[in-house]
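Inspection log for the structure reproduced underneath, given as structure tokens.
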Protein chains: 2
Amino acid sequence: MNFQKLIKEFKKKGYKLTPQRRLILEILSKEKHISAEEIFERIKQSQPNVSFGTVYRNLNILLELGLINQLDFKDGRTRFELNKSHHHHLICLDCGVAFEIQVCPFNSEIFRAADSQDFSIENHSFEIYGYCRNCKYNKTKKLDGKEEQQS
Amino acid sequence: MNFQKLIKEFKKKGYKLTPQRRLILEILSKEKHISAEEIFERIKQSQPNVSFGTVYRNLNILLELGLINQLDFKDGRTRFELNKSHHHHLICLDCGVAFEIQVCPFNSEIFRAADSQDFSIENHSFEIYGYCRNCKYNKTKKLDGKEEQQS
DNA sequence: TCTTATTTTATAACCATTCCTATTTAGAAG
DNA sequence: CTTCTAAATAGGAATGGTTATAAAATAAGA
């Protein structure tokens, strides 16, 4: 099971398994693209005294261990996701919905470009920003409205 | 000239050309990957009374006009660059240096993936994170040091 | 059970960015 | 050149995400 594997990985690295950590891992393994605040709110339901510090500290540990990735949704809040199968995202600039796409464009040409600078690659981000079906529709409606007001 | 073109574009959209705006455009056309604070500091040299609000307000206008892009260096500060020729970056997680690479991996397969979700693309980011030659070297040295201390 | 290093809590601090409003100004019109 | 006004700025306060600190709590090995 993915969740059990995570916990094992965590303990193997010498970290203690606290109830808060267990919950964070549990939440992450259920949700994609979750923010620190959302994690905080979820944990509070069963651990009312949890603090933001705990959430951030552990997310940073998970990042260092390479077990999670962070995503930039361009709305000021970092999102986190389990580092499962490699994928990228279509991110709506209006409502923030994110679709995963399985195709990764990393290719040997890019690797060579990095290599020619003697640059050692740790990871990469490839995110496509735009508008989902719903927001595209709403945008069109809004624009129509404005034009009517102007004329 | 690139800078003149920028100003023209700016006025064409109905914005007034203030000395502050002229300076921001001038700075952007000279520098790649500059942060809001760095722009602020530069302007202050000739306009000591400039405020952060002015810098951010105008950067946001430039973003809306599509004249600049924002970059995520993973260090908490957004960087801005003129939207000249399309390119991507190799970003060092240690010292923050960014190399531009001209190769873009966007391809028809990705376009189809977006299209199948009825997702309308505005832009995309593709950034490669890792360590530049110098920092890679320093990292190795540091690790060696630690190992020596431990043994 | 005891011990200790690790972790958490609670709170304050931090820092990038945005907001507010009185004042100033760019640029259009006369 | 002067007047006028919507737009822009200065100055400072507010916001919000994230990190730091220090005292209290706790996981896990002996």
Side-chain angles (χ1 to χ4, degrees), chain A residues 7-27 33-65 68-80 96 150, chain B residues 6-27 33-65 68-80 93 96 150:
Chain A
I7 290 186
K8 212 171 165 183
E9 186 74 13
F10 210 73
K11 297 180 83 168
K12 198 169 70 183
K13 299 282 185 177
Y15 291 100
K16 291 182 178 173
L17 184 61
T18 63
Q20 292 88 341
R21 282 180 176 166
R22 175 181 280 278
L23 261 171
I24 290 176
L25 290 172
E26 207 172 316
I27 291 165
H33 326 135
I34 194 167
S35 69
E37 191 189 0
E38 286 169 320
I39 292 174
F40 174 68
E41 292 300 337
R42 298 269 183 104
I43 299 179
K44 261 212 307 211
Q45 289 170 14
S46 51
Q47 310 258 341
N49 288 333
V50 76
S51 74
F52 253 111
T54 299
V55 174
Y56 277 108
R57 184 166 12 82
N58 288 310
L59 285 172
N60 284 329
I61 290 170
L62 290 168
L63 279 170
E64 269 177 39
L65 295 181
I68 61 176
N69 300 319
Q70 43 183 163
L71 301 171
D72 179 10
F73 275 32
K74 306 272 186 212
D75 68 348
R77 253 171 297 172
T78 305
R79 309 305 160 93
F80 301 87
Q150 283 174 352
Chain B
L6 270 174
I7 290 187
K8 212 170 165 182
E9 185 74 14
F10 210 73
K11 295 180 84 166
K12 199 169 70 185
K13 300 282 186 176
Y15 291 101
K16 293 181 179 173
L17 185 60
T18 63
Q20 294 86 342
R21 280 177 177 169
R22 176 181 279 277
L23 262 171
I24 290 174
L25 290 172
E26 209 171 314
I27 290 164
H33 327 134
I34 194 167
S35 70
E37 192 190 358
E38 285 169 321
I39 292 174
F40 175 70
E41 293 299 336
R42 297 268 184 107
I43 299 179
K44 259 210 309 209
Q45 290 171 12
S46 50
Q47 310 260 343
N49 290 332
V50 75
S51 73
F52 254 111
T54 298
V55 174
Y56 277 109
R57 184 165 13 80
N58 288 310
L59 285 172
N60 285 330
I61 289 170
L62 290 168
L63 279 170
E64 268 177 40
L65 295 181
I68 60 175
N69 300 319
Q70 44 184 161
L71 301 170
D72 179 9
F73 275 31
K74 307 272 186 212
D75 68 348
R77 255 172 295 173
T78 305
R79 309 303 161 92
F80 301 87
L93 293 165
Q150 283 174 351

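Chain letters run A, B, ... following the sequence lines, proteins first and then strands; every chain starts at 1. For the numbers below, each heavy atom of this structure counts, side chains included, while hydrogens, waters and symmetry mates do not.
Closest to the Thr54(B) side chain, of the nucleotides dT9(C), dT18(D), dT9(D), is dT9(D). Among the nucleotides dT18(D), dT7(C), dA10(C), the one closest to the side chain of Thr78(A) is dT18(D). For Ala36(B), taking side-chain heavy atoms from C-beta onward, the closest of the listed nucleotides dT18(D), dA28(D), dT17(C) is dT17(C). Distance from the side chain of Tyr56(A) is smallest to dT19(D) among dT19(D), dA10(D), dT7(C). Closest contact between the side chain of Ser51(A) and the listed nucleotides dA10(C), dA16(C), dT17(C) involves dA10(C).
Contact annotation: the side chain of Lys13(A) approaches that of Leu65(A) to within less than 4.5 Å [non-hydrogen atoms, C-beta and beyond]. The shortest distance between side-chain heavy atoms of Thr78(A) and Ser35(A) does not fall below 4.5 Å. A 4.5 Å side-chain heavy-atom check between Phe40(A) and Lys44(A) finds at least one atom pair inside the cut-off. Taking 4.5 Å as the limit, some side-chain heavy atom of Gln70(A) sits within range of a side-chain heavy atom of Leu63(A).
Atom CG of Leu59(A) is separated from atom P of dA20(D) by 14 Å (rounded to the nearest Å). Between Asp72(A) atom CG and dT17(C) atom P the separation is 12 Å, expressed in whole Å. Atom pair Asn58(A):CG and dT9(C):P shows a separation of 10 Å (rounding to whole Å applied). One can place CZ of Phe73(A) at 15 Å from P of dG17(D), the figure rounded to the nearest angstrom. To the nearest angstrom, P of dT7(C) lies 13 Å from CG of Leu25(A). For the pair Phe52(B) CZ and dT15(D) C1', the interatomic distance rounds to 16 Å; values are reported in whole Å. dG16(D) atom C1' lies 19 Å from atom NZ of Lys74(A), rounded to whole Å. What separates NZ of Lys11(B) from P of dA8(D) is a distance of 13 Å, to the nearest Å.
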Exercise for review: Walk me through it: do Asp72(A) and Lys74(A) pass the test side chain to side chain contact (heavy atoms under 4.5 Å, CB included)?
Suggested key: CA-CA 5 Å; Asp72(A) 179 10; Lys74(A) 306 272 186 212; 3.6 Å; yes
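With DNA chain D read from its 5' end, the first of the two nearest nucleotides for Thr18(A) and Lys16(B) is the one closest to Lys16(B). Between Pro19(A) and Arg77(B), it is Pro19(A) whose nearest contact on DNA chain C lies nearer the 5' terminus. Between Tyr15(B) and Asn60(B), the residue anchored nearer the 5' end of DNA chain C, judged by the nucleotide with its closest heavy atom, is Asn60(B). Of the two residues contacting DNA chain D, namely Arg21(B) and Asn49(B), the nearest-nucleotide position lying further toward the 5' end is that of Arg21(B).
An OP1 or OP2 oxygen of dT25(C) is reached within less than 4.0 angstrom by no side-chain nitrogen or oxygen of Gln20(B). Within the structure, every side-chain polar atom (N or O) of Gln47(B) is placed at least 4.0 Å from both OP1 and OP2 of dA10(D).
Using a 4.0 Å heavy-atom cutoff across all strands shown, Ser35(A) reaches no nucleic acid atom at all. Note on Pro48(B): nothing from the nucleic acid sits closer than 4.0 angstrom, heavy atoms only. Looking at heavy-atom distances under 4.0 Å, Arg57(B) makes contact with a base.
Looking at Arg21(A), its side chain does come within 3.5 Å of a backbone N or O of Lys16(A) through a donor-acceptor pair.
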